[in-house]
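Notes follow once the structure below has been shown.
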Amino acid sequence: MSQFEFRRHRRLRANATIRSMVRENHLYKEDLIYPIFVIEGENIKNPVKSMPGVYQLSLDNLDAEIDEVVSLGIPSVILFGIPADKDAQGTGAFHDHGIVQKATQQIKERYPQLMVIADTCLCEFTDHGHCGLVEGDKILNDPSLDILARTAVSQAKAGADIIAPSNMMDGFVVAIRHALDEAGFQDVPIMSYAVKYASSYYGPFREAAEGAPKFGDRKTYQMDPANRLEAFREAETDIEEGADFLIVKPALAYMDIIRDVKNNFPVPVVAYNVSGEYAMVKAAAQNGWIDEKSVVLETLLGMKRAGADLIITYHAKDVARWLEEK
């Protein structure tokens, strides 16, 4: 075959050292955001059946979880709350003594340097399970903005470093930005769930957060999975309204959208490696069908390659351990 001319790409794959030298993308602990579910009550550590290794934690069990997160070098957590009582207005979301607010205060007192992100939504706190107020079978947009803004301010008062609104109401970013600024929290950034699809990958999360809708679905406010250009409109609007980060959710089936957002908007992009993605990997690994470590690291690296600057993932603690082994 010496008479043929061809390129020898394998030269740069010859051994582990040269492969590491030319590697284009990397996964670091600093990329990870770990989700935590906090629940009202005492002595609670409820395993989420569909998400092995994930728990609902009462505040008396929260310190041990946060100690582990910090010891692993994970720099950030995002909090989801499960209140003792729910009502139609989601009152527990914006009370100063709400579960997310109390958890935030507890974490910041123990570890001031740990970045606490507060998920800002109503679905876990409403008795109907929707992300906004309802009237009959209609999810109301504008009246919901006031409640969401109040929630964001109460979370900032409790010490949240970043507000992450996930409700997908039109105008939610500008309403929250205005409320934060008026309350003196001009320096608190907004990590917007700007591009959030009405996905079937959310099932396990709804068990963990106890936030499934009691009627209908969320397709009137979350995006159609078939749509790409809609993501540009949503992301552009949120940037104009004051978003500092853009989240794409889910991640695995939407890597093209992550790349689109990264290419077109000059802010950090966050991929949400959602509960269904996590549950599928865990189930396959427990059955011996895949190598969990290799698959998780490859998947998250793929999200980085697609353009994610940060990754919200339930795998974060395991990933931090695996990265330490390298």
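Atoms considered below: every heavy atom in the structure, side chains included; atoms not considered: hydrogens, waters and symmetry mates.
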Checklist entry - So, D96 and S154: side-chain donor and acceptor under 3.5 Å apart, yes or no? => result no
Checklist entry - Sub-3.5 Å donor-acceptor pair from the side chain of E40 to the main-chain atoms of A84, do we have one? => result no
Checklist entry - Is a side-chain donor or acceptor of D244 paired with a backbone partner of I190 at a separation under 3.5 angstrom? => result yes
Item to check | Expected output: side-chain S58 to main-chain N43 donor-acceptor under 3.5 Å | outcome: yes
Next on the checklist: R228 vs D256, test: salt bridge (Lys or Arg N to Asp or Glu O under 4.0 Å). Steps then yes/no.
Outcome noted: CA-CA 9 Å; R228 172 174 173 261; D256 59 322; 5.0 Å; no
Checklist entry - With the 4.5 Å side-chain cut-off for hydrophobic clustering, are V174 and M191 part of the same group? => result no
Checklist entry - If only atom types and distance count, is the side chain of Q155 paired as donor or acceptor with the main-chain N or O of D119 below 3.5 Å? => result yes
Next on the checklist: I'd like to check the ring-ring contact (aromatic ring centres under 6.0 Å, His included) partners of F94; sequence neighbours left out, ordered by chain and number.
Outcome noted: none
Item to check | Steps toward side-chain contact (heavy atoms from CB on, under 4.5 Å) verdict (F172, S192) | outcome: CA-CA 9 Å; F172 70 122; S192 171; 3.4 Å; yes
Item to check | From CA spacing to verdict: side-chain contact (heavy atoms from CB on, under 4.5 Å), F245, V269 | outcome: CA-CA 6 Å; F245 304 77; V269 176; over 6 Å; no
Item to check | Neighbour count above 12 (heavy atom, 6.0 Å) for E42 CD | outcome: no
Item to check | N/O donor-acceptor pair under 3.5 Å between K293 side chain and W322 backbone | outcome: no
Item to check | S76 (side chain) donor-acceptor with M115 (main chain) under 3.5 angstrom | outcome: yes
Item to check | salt bridge (charged side-chain N to carboxylate O under 4.0 Å, His left out) partners of residues 296-306, not counting sequence neighbours, each pair once | outcome: D31-K304
Next on the checklist: Taking D224 first and then K219, would you say they form a salt bridge - that is, a charged N and a carboxylate O separated by under 4.0 Å?
Outcome noted: no
Item to check | Heavy-atom donor-acceptor pair, K108 side chain to A160 backbone, under 3.5 Å | outcome: no
Next on the checklist: For a 4.5 angstrom cut-off between non-hydrogen side-chain atoms, does V54 reach P47?
Outcome noted: no
Checklist entry - Checking side chain to side chain contact (heavy atoms under 4.5 Å, CB included) against V281, which of N273, L252, V296 comes through? => result V296
Next on the checklist: Checking F125 against T91 for the side-chain contact (heavy atoms from CB on, under 4.5 Å) test, could you report, in this order, the C-alpha distance in whole Å, the side-chain angles of both residues, the deciding distance, and whether it holds?
Outcome noted: CA-CA 7 Å; F125 300 91; T91 304; over 6 Å; no
Next on the checklist: Less than 4.5 Å apart, side chain to side chain, heavy atoms only: is that true for V38 and F80?
Outcome noted: no
Next on the checklist: Is the shortest side-chain heavy-atom distance between T104 and L79 below 4.5 Å?
Outcome noted: yes
Checklist entry - Are Y197 and Y254 close enough that their ring centers fall under 6.0 Å? => result yes
Checklist outcome for this item: Output for pair (F232 CZ, N264 CG), nearest 0.5 Å, gives 4.5 Å
Next on the checklist: Working to the nearest 0.5 angstrom, can you tell me the gap between L310 CG and L246 CG?
Outcome noted: 11.5 Å
Next on the checklist: Does any part of the side chain of I139, heavy atoms only, come nearer than 4.5 Å to the side chain of M169, both counted from C-beta?
Outcome noted: yes
Checklist entry - So, R150 and D146, do they make that salt bridge, N to O below 4.0 Å? => result no
Checklist entry - Do T313 and V319 come within less than 4.5 Å of each other through their side chains, counting heavy atoms only? => result no
Checklist entry - Does some side-chain heavy atom of V77 sit less than 4.5 Å from a side-chain heavy atom of V69? => result yes
Next on the checklist: Does I36 form a side-chain contact (heavy atoms from CB on, under 4.5 Å) with L62? I'd like the steps, not just the answer.
Outcome noted: CA-CA 9 Å; I36 295 177; L62 180 59; 4.1 Å; yes
Item to check | salt_bridge(K282, D318) N-O dist < 4.0 Å | outcome: yes
Checklist entry - If you measure from CG on D87 to OG1 on T126, what distance do you get to the nearest 0.5 Å? => result 8.5 Å
Checklist entry - More than 12 foreign heavy atoms under 6.0 Å from CD of E135: is that the case here? => result no
Checklist outcome for this item: Contacts of H9 meeting ring-ring contact (aromatic ring centres under 6.0 Å, His included) (sequence neighbours excluded), chain-then-number -> none
Checklist entry - Counting N and O atoms only, with roles assigned by atom type, does the side chain of S294 sit under 3.5 Å from a partner on the main chain of D291, one being a donor and the other an acceptor? => result no
Next on the checklist: Salt bridge check, K249 against E277: does any charged N sit closer than 4.0 Å to a carboxylate O?
Outcome noted: no
Checklist entry - Does N227 use its side chain to pair, donor to acceptor, with the backbone of E230 at less than 3.5 Å? => result no
Item to check | Flag side-chain contact, heavy atom, 4.5 Å: D85 against D127 | outcome: no
Item to check | Residues forming a ring-ring contact (aromatic ring centres under 6.0 Å, His included) with Y193, sequence neighbours excluded | outcome: none
Next on the checklist: Is the shortest side-chain heavy-atom distance between Y314 and P35 below 4.5 Å?
Outcome noted: yes
Next on the checklist: Let me confirm one number: the SG-CG distance from C121 to L148, rounded to the nearest 0.5 Å.
Outcome noted: 7.0 Å
Checklist entry - If you look at every heavy atom in L133 and P143, which pair is closest and at what distance? => result CD1-O, 3.7 Å
Item to check | Partner set under ring-ring contact (aromatic ring centres under 6.0 Å, His included) for H95, not counting sequence neighbours | outcome: H97
Checklist entry - Is the NZ atom of K157 crowded by more than 12 outside heavy atoms at less than 6.0 Å? => result no
Checklist entry - Got a donor-acceptor contact below 3.5 angstrom from the N287 side chain to the W289 backbone? => result no
Item to check | Carboxylate-amine/guanidinium contact K29 E324, below 4.0 Å | outcome: yes
Next on the checklist: I need the full list of salt bridge (charged side-chain N to carboxylate O under 4.0 Å, His left out) pairs touching residues 16-25, with sequence neighbours left out, sorted by first then second residue.
Outcome noted: none
Next on the checklist: Can you see whether Q222 engages Y202 through a side-chain donor-acceptor pair at a distance of less than 3.5 angstrom?
Outcome noted: no
